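Comments concern the structure below.
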Amino acid sequence: MKVTIDRMQCVSCGSCWDTCPALFVQNEEDSFSQIVEEYRENGDIAASIAIPDTITCARDAADLCPSAIITIVE
């Protein structure tokens, strides 16, 4: 699966990085969510490469996001 974040709609609530710190982290400059460096697609902080099946928390983070900005593509 791949994950994208609509960072412009992020409200910096922290639910994604609290729920799935293996994939999401808070950007220190603007406080919005971003993909951790290890899984970024071509350095894009809002898009992931195909993430391993062992990271099962991505769906939970998407479900818990109050702004519904996390998209998962199988």
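Keep in mind that what you see is a predicted model, and the values were worked out from it rather than measured.
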Do the side chain of Ser48 and the main chain of Val3 share a donor and acceptor less than 3.5 angstrom apart?
yes
What pairs of donor and acceptor atoms, side-chain ones from residues 16-26 against any protein atom, are under 3.5 angstrom apart with sequence neighbours left out?
unit_1 : atom_1 : unit_2 : atom_2 : d
Thr19  : OG1    : Ser15  : O      : 2.6
Gln26  : NE2    : Ser31  : O      : 3.2

Same apolar cluster (I L V M F W Y, side chains within < 4.5 Å links), Val11/Ile5
no
Pairs meeting criterion salt bridge (Lys or Arg N to Asp or Glu O under 4.0 Å) with involvement of residues 2-13, two or more places apart:
Lys2-Glu41, Arg7-Asp30
Atom CZ of Arg40 and atom CD1 of Ile35: how far apart are they, to the nearest 0.5 Å?
8.5 Å
Taking Asp44 for the side chain and Ala46 for the main chain, is one N or O donor matched with an acceptor at less than 3.5 Å?
yes
Contacts under 3.5 angstrom, residues 55-74 side chains, donor-acceptor by atom type, not counting sequence neighbours:
unit_1 : atom_1 : unit_2 : atom_2 : d
Arg59  : NH2    : Glu74  : OE1    : 3.2
Arg59  : NH2    : Glu74  : OE2    : 2.2

Min side-chain heavy-atom separation Met1-Ile51 under 4.5 Å
yes
